Amino acid sequence: MTLMDETTVQDFWQNHACGDALVGGLRDRFGGDYEKFFSDYDKFRYDMESHIPACLDGLGVSGKRVLEIGLGQGADSESLIRRGARWTGVDLTGESVERVRTRLTLRELPFDDLKQGSVLDLPFEDNSFDMVFSHGVLLVVPDVGRAQQEIHRVLRPGGELVIMMYARWSLNYLVAIGLVRRAALLAAFPLAKAGLLKADPNGGMLAAHLDNANKIGLGRYLRLKEFTHYNTDGPGNPHALVYDRKRIERNFPSFRVTRTYKRFMHAPPLPVHGLPGGSVMGWHLWAHLSPVGKAATSADSTTSASSTTSTTSTTSASSAAGELQAS
């Protein structure tokens, strides 16, 4: 099987910064006003996904060296730092790195490092971090096998990987994506062929799906494996997978899954957002994993991240102020 090219994924997220369109766009609606954008974005995100703060509270990041992979607008980055993490971030896109650096500088938040780079070749030394955290990012990485090897390399013995993946056994995947959206497209396609609907990718969500179906063929597009790519983060997203615990275990062989849990009842267009049942049929599958073959020694278990502060210089947000670039 030929893997999706990482450059294609990078281009998409560089031009569609994760979450940007949900509040109207940093440059389109907010005119480059970063502070207003971040405030509105954070309110929208944590109102929509209100379970996230409690999940972050449960990670116990205070004093730990935490690497976040895939940064989006930096809402979780800020949250981790405010919870006491010695935070480092890496993102595949320069756009996200610039935005997160701006956020942390504006809010005068300290951090260890922030780099543009690929999870397939992480720009960090072996055994650098106590925890690696990635929310909704590794599911869009085509070569996840290589990615998990790199994460294993940079985690110290006794460290932990915490990820959020889209859940296969969810109302969103099984019903909203698997049945409702495919049925809607199947019904709309002949109307578009008859000229009654426009397959204009700029004409809305349905129009963009019709355009995709025209390009690759309706039959192929409606195959659930194919259809899933375009129904997680918009019809332009080139690659995404859904997961259950078994798939995580299969795709992360360098790790042992210690626990999983689901949150976030969300299945558009079904009117179920925020209803009970997220722990059973929720869209977000959180997983905690420990690296295998890296058993903590007695020395490791008594050495905390804070005890090695002298070996790593902390970059404060204020010192990065001169690095800001005009949008």
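Values in this document were obtained by computation on a predicted structure and should not be read as measured data.
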**OP:** Would you mind reporting whether Thr88 and Leu114 have side-chain heavy atoms less than 4.5 Å apart?
**Re:** no
Subject >> Which atom of Val9 lies closest to which atom of Val140, heavy atoms considered >> reply: CG1-O, 3.8 Å
Original post:
Closest heavy-atom contact between Leu210 and Phe189?
Top reply: CD2-CA, 3.8 Å
Subject >> Student check: side-chain heavy atoms of Val119 and Val90 closer than 4.5 Å >> reply: no
Subject >> Main-chain N/O of Trp283 paired with Lys262 side-chain donor or acceptor, under 3.5 Å >> reply: no
**OP:** Given side chain to side chain contact (heavy atoms under 4.5 Å, CB included), test Leu56 with Leu59 step by step and report yes or no.
**Re:** CA-CA 5 Å; Leu56 296 180; Leu59 299 186; 4.0 Å; yes
Original post:
Would you say Ser170's side chain and Ala167's backbone share a donor-acceptor pair under 3.5 angstrom?
Top reply: yes
**OP:** For the pair Ser50 (side chain) and Tyr46 (backbone), establish whether a donor and an acceptor sit closer than 3.5 Å, ignoring hydrogens and angles.
**Re:** no
**OP:** Evaluate the criterion side chain to side chain contact (heavy atoms under 4.5 Å, CB included) for residue pair Val280 and Met265; output intermediate values, then yes/no.
**Re:** CA-CA 9 Å; Val280 178; Met265 183 59 79; over 6 Å; no
**OP:** Say whether, by atom type as modelled, one donor and one acceptor occur between the side chain of Arg101 and the main chain of Val97 under 3.5 angstrom.
**Re:** no
Original post:
Between Ala213 and Leu185, what is the shortest heavy-atom contact and its length?
Top reply: CB-CD2, 4.5 Å
Subject >> Salt bridge present between Arg146 and Asp121 (N-O < 4.0 angstrom) >> reply: no
Original post:
Below 4.5 Å, heavy atoms only, C-beta onward: do Pro291 and Ile151 meet side chain to side chain?
Top reply: no
Original post:
Out of curiosity, does Leu179 fall in the hydrophobic cluster containing Met205 (side-chain heavy atoms, cut-off under 4.5 Å, transitive links)?
Top reply: no
Subject >> Heavy-atom side-chain proximity of Gln116 to Gln10 below 4.5 angstrom >> reply: yes
Original post:
Would a distance-only check, ignoring hydrogens and angles, find a side-chain to backbone donor-acceptor pair under 3.5 Å from Gln148 to Ser254?
Top reply: yes
Original post:
Below 4.5 Å, heavy atoms only, C-beta onward: do Val175 and Val180 meet side chain to side chain?
Top reply: yes
Original post:
Which value, rounded to the nearest 0.5 Å, describes the distance between Asn127 atom CG and Glu125 atom CD?
Top reply: 10.0 Å
Original post:
For the atom pair CD1 (Ile248) and CG (Leu285), what is the distance rounded to the nearest 0.5 Å?
Top reply: 4.5 Å
Original post:
In Å and rounded to the nearest 0.5 Å, what is the OG to CZ distance from Ser290 to Arg259?
Top reply: 12.0 Å
Subject >> Exercise: identify the closest heavy-atom pair between Gly70 and Val137 >> reply: CA-CG2, 3.7 Å
**OP:** May I ask you to check whether His152 and Phe255 place their ring centers less than 6.0 Å from one another?
**Re:** yes
Original post:
Judged by atom type as modelled, is there a donor-acceptor pair below 3.5 Å linking the side chain of His273 to the main-chain atoms of Met48?
Top reply: yes
**OP:** Using modelled atom types only, decide if a donor and an acceptor are shared between the side chain of Arg181 and the backbone of Asn231 within a distance under 3.5 Å.
**Re:** yes
Original post:
Under the 3.5 angstrom rule, does the side chain of Asp126 hit a backbone N or O of Val154 as a donor-acceptor pair?
Top reply: no
Original post:
Glu249 and Val257: which non-hydrogen atoms are nearest, and at how many Å?
Top reply: CG-CG2, 3.6 Å
Original post:
If you group Ile, Leu, Val, Met, Phe, Trp and Tyr by side-chain heavy-atom gaps below 4.5 Å, do Ile69 and Ile81 land in one group?
Top reply: yes
**OP:** Identify whether the distance between the nearest side-chain nitrogen and carboxylate oxygen of Arg29 and Asp40 falls below 4.0 Å.
**Re:** yes
**OP:** Please answer: with hydrophobic residues joined when any side-chain heavy atoms are less than 4.5 Å apart, are Val292 and Phe129 in the same cluster?
**Re:** no
Original post:
How about Tyr166 and Tyr243: are their ring centres within less than 6.0 Å of each other?
Top reply: no
Original post:
Parallel, tilted or perpendicular: which describes the rings of Tyr221 and Phe227, with under 30° parallel and over 60° perpendicular?
Top reply: perpendicular
Subject >> Residue list, side chain to side chain contact (heavy atoms under 4.5 Å, CB included) with Asp47, at least two apart or on another chain >> reply: Lys43
Subject >> Salt bridge present between Arg27 and Glu95 (N-O < 4.0 angstrom) >> reply: yes
Original post:
Side chains of Tyr230 and Asn212: is there a donor and an acceptor less than 3.5 Å apart?
Top reply: no
Subject >> Atom pair CD1 (Ile163) and CH2 (Trp286), whose distance is rounded to the nearest 0.5 Å >> reply: 11.0 Å
**OP:** For the pair Asp42 and Arg103, find out whether any cationic side-chain nitrogen is under 4.0 Å from an anionic carboxylate oxygen.
**Re:** yes
Subject >> For Asp244, salt bridge (Lys or Arg N to Asp or Glu O under 4.0 Å) partners two or more places apart >> reply: Arg168
Original post:
Does the pair Glu150/Arg153 count as a salt bridge with the N-to-O cut at 4.0 Å?
Top reply: yes
**OP:** Answer yes if the ring centres of His266 and His284 are under 6.0 angstrom apart, and no otherwise.
**Re:** no
Original post:
Would you call the rings of Tyr41 and Phe37 parallel, tilted or perpendicular if under 30° counts as parallel and over 60° as perpendicular?
Top reply: parallel
Original post:
Can you check salt bridge (Lys or Arg N to Asp or Glu O under 4.0 Å) on Asp112 and Arg86, steps first, answer last?
Top reply: CA-CA 6 Å; Asp112 278 6; Arg86 292 192 52 193; 3.1 Å; yes
Original post:
Would you say Ile52 and His135 make side-chain contact, with heavy atoms under 4.5 Å?
Top reply: yes
Original post:
What about the rings of His288 and Tyr261, do their centers lie closer together than 6.0 Å?
Top reply: yes
Subject >> ILVMFWY network linking Val162 to Trp87, side-chain heavy atoms under 4.5 angstrom >> reply: yes
**OP:** For the pair Ser96 (side chain) and Thr93 (backbone), establish whether a donor and an acceptor sit closer than 3.5 Å, ignoring hydrogens and angles.
**Re:** no
Subject >> Value rounded to 0.5 Å, distance of OG1 in Thr228 from NE2 in His239 >> reply: 11.0 Å
**OP:** Before giving the answer on side chain to side chain contact (heavy atoms under 4.5 Å, CB included), spell out for Leu67 and Phe124 the whole-Å C-alpha distance, their side-chain angles and the decisive distance to 0.1 Å.
**Re:** CA-CA 10 Å; Leu67 171 63; Phe124 307 106; 3.7 Å; yes
**OP:** Using a 4.5 Å cut-off on heavy atoms from C-beta on, say whether the side chain of Val100 contacts that of Asp91.
**Re:** no
**OP:** Answer yes or no: is there a donor N or O on one side and an acceptor on the other, between the side chain of Arg99 and the main chain of Leu26, under 3.5 Å?
**Re:** no
Subject >> salt bridge (Lys or Arg N to Asp or Glu O under 4.0 Å) between Arg107 and Glu35, worked out >> reply: CA-CA 9 Å; Arg107 297 182 174 179; Glu35 186 55 55; 2.7 Å; yes
Original post:
Is any side-chain heavy atom of Ser279 closer than 4.5 Å to a side-chain heavy atom of Arg263?
Top reply: yes
**OP:** Could you walk me through whether Asn214 and Lys193 pass the side chain to side chain contact (heavy atoms under 4.5 Å, CB included) test, one step at a time?
**Re:** CA-CA 9 Å; Asn214 273 326; Lys193 284 294 186 183; 3.3 Å; yes
Original post:
How far apart are the closest heavy atoms of Thr232 and His229, and which atoms are they?
Top reply: OG1-O, 3.6 Å
Subject >> Cluster overlap Leu161 with Met131, hydrophobic side-chain contacts below 4.5 Å >> reply: yes
**OP:** Working to the nearest 0.5 Å, report the span between CG of Leu71 and CD of Glu68.
**Re:** 5.0 Å
